[in-house]
Amino acid sequence: MRALFLLLAILSLTVSPLRAQEAPPDSPSERARGAFRDAIERLWVPQSRLATGPHVLAAFREVVAAVNQSTVVVRCDGQDAALGGIVGSDGWVLTKATALSGSTTCRLADGREFDAELVGVDREFDLAMLKLPAKRLPALDLSQNGPIEVGAWLATAGVAKDPTAVGIVSVAARRIAHQPGILGVQLDEVEKGPLVVQVFDESGAAKAGVLVNDIVLSVNGEKTPNRDELQKQIRLHSPGDEIEIQILRGDAELTLRATLVGELKDFGPLNRSEFQNAMGGELSSRRFGFPEALQHDTVLDPEDCGGPVVDLDGRVVGFNIARSGRTESYAIPTSAVVDRMYDLMSGKLAPKDEEETKE
């Protein structure tokens, strides 16, 4: 810091006389002043430009050039929701499952856009397989899927000529621990089971249609005869997980599907760690409980997840699956993706019927 102040002092002493004398542009003194100005500019480069500035991204242009042609933008109800990777030339696209909702389309790097059919969902890894009515698409090469070292550079592919973002592997592939999700209700207890006495705004319960005075009978087929059992069943699932709840409303039994959250609008993040992470920008709703994922420090928006991430050789080393903190993003290793990919294509992991019975 002392050196910086000294440099500023020298610059101030040098610049003023030059300006007063209007030194010629090619004079040694003017060139010296320009050198000092350039040095100061380099010292004051914003931190964001060091990681996501256009010059940094442009340096990785060749790294993602081929993979970008096999990356798509997944759009739900007309809004960008995630990225995806073409894993089969006859229209197979892999992306992030919990990012999907409503009517889904995929926009290719060449600008074409196709309707997408959801044919498979892997809830453990939060992966989804889409099928496009297209042929001869440029598919990703997933054959070179060896391990990647901590400290290696990664580039997140997109549909533009430059990568979406770049970062460095910070932790090798490992299991990402589960974090309990929140349904978003306050409960009392009656003879028939846990009674809903409050539904919090914008919670999974509110969006699923749970109402005050509903009695929760079961979660994913597991009976919940009391409040403690209901809370136990909810805690088995992570934020972003979808659960099926059976409720008693008056004399009618209804089945609803709710997506658990990690925080409540009225309370914000529920612990200090969540609060600090949320200060860096929006996080992915499902960002915990993966059987295997590598961690990197790339700063991603949630809609930048779902697509391929490559190393400096352009090798697809994984698929980004979540932004979990200010400088923490997770990617499912390519080897794990390949192990699940064909089950996703086959229909063995076909999604459940999305229709809900509501009053």
Side-chain angles (χ1 to χ4, degrees), residues 52 54 57-58 60-61 63-122 125-142 155-165 240 242 259 282 284-286 298 300-310 314 316 318-323 329 331-332 334 337 340-342 344-347 349-351 353-355:
T52 59
L57 297 180
F60 290 80
R61 186 173 298 169
V63 171
V64 297
V67 176
N68 280 0
Q69 301 306 307
S70 303
T71 302
V72 306
V73 176
V74 180
R75 294 169 56 80
C76 295
D77 292 332
Q79 302 294 320
D80 293 355
L83 295 175
I86 300 171
V87 294
S89 61
D90 52 348
W92 298 102
V93 171
L94 192 74
T95 188
K96 179 176 173 66
T98 53
L100 305 179
S101 64
S103 175
T104 303
T105 62
C106 289
R107 188 177 74 242
L108 277 56
D110 62 13
R112 290 182 294 166
E113 190 162 344
F114 295 95
D115 291 337
E117 177 190 1
L118 179 61
V119 296
V121 174
D122 185 320
F125 282 99
D126 198 21
L127 294 170
M129 187 66 71
L130 303 175
K131 185 67 169 66
L132 312 183
K135 301 290 184 182
R136 296 187 295 277
L137 299 181
L140 295 166
D141 179 4
L142 304 181
T156 294
V159 295
K161 61 183 179 180
D162 292 337
T164 299
E242 184 185 73
T259 300
E282 187 178 358
S284 299
S285 59
R286 165 72 190 278
T298 310
L300 298 172
D301 291 327
E303 59 267 27
D304 294 333
C305 294
V309 58
V310 304
V316 179
F319 281 70
N320 285 321
I321 204 63
R323 183 185 179 194
S329 294
I332 306 301
T334 300
V337 169
R340 299 296 181 102
M341 195 168 67
Y342 298 105
L344 285 165
M345 290 177 174
S346 70
L349 298 176
D353 185 2
E354 295 295 326
E355 291 185 2

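Contact annotation: the side chain of Cys76 approaches that of Thr104 to within less than 4.5 Å [non-hydrogen atoms, C-beta and beyond]. Looking at Val72 and Leu108, their side chains come closer than 4.5 Å, going by heavy atoms from C-beta outward. Contact check for Val87 versus Met345: side-chain heavy atoms found under the 4.5 Å cut-off. For the pair Leu137/Arg112, a side-chain contact is recorded, criterion being any heavy-atom separation below 4.5 Å from C-beta on. Phe125 places none of its side-chain heavy atoms less than 4.5 Å from the side chain of Leu344. Contact annotation: the side chain of Leu349 never approaches that of Arg340 to less than 4.5 Å [non-hydrogen atoms, C-beta and beyond]. Residues Leu100 and Leu130 are in side-chain contact: their nearest non-hydrogen atoms beyond the backbone lie under 4.5 Å apart. Side-chain contact between Val119 and Trp92 is present, with at least one heavy-atom pair separated by less than 4.5 Å.
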Exercise for review: Could you go through the side-chain contact (heavy atoms from CB on, under 4.5 Å) check for Leu140 and Phe319 one step at a time?
Suggested key: CA-CA 11 Å; Leu140 295 166; Phe319 281 70; 3.7 Å; yes
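Taking each heavy atom of Thr164 and Gly158 in turn, the nearest pair found is OG1-CA, 3.5 Å. Across Val316 and Pro308, no two heavy atoms sit closer than the pair CG1-CB, 4.1 Å.
Applying the side-chain hydrogen bond (donor to acceptor under 3.5 Å, both in side chains) definition to pairs two or more places apart or across chains, those involving residues 77-86 are Arg75-Asp80.
A side-chain donor from one of Thr156 and Asn320 sits under 3.5 Å from a side-chain acceptor of the other.
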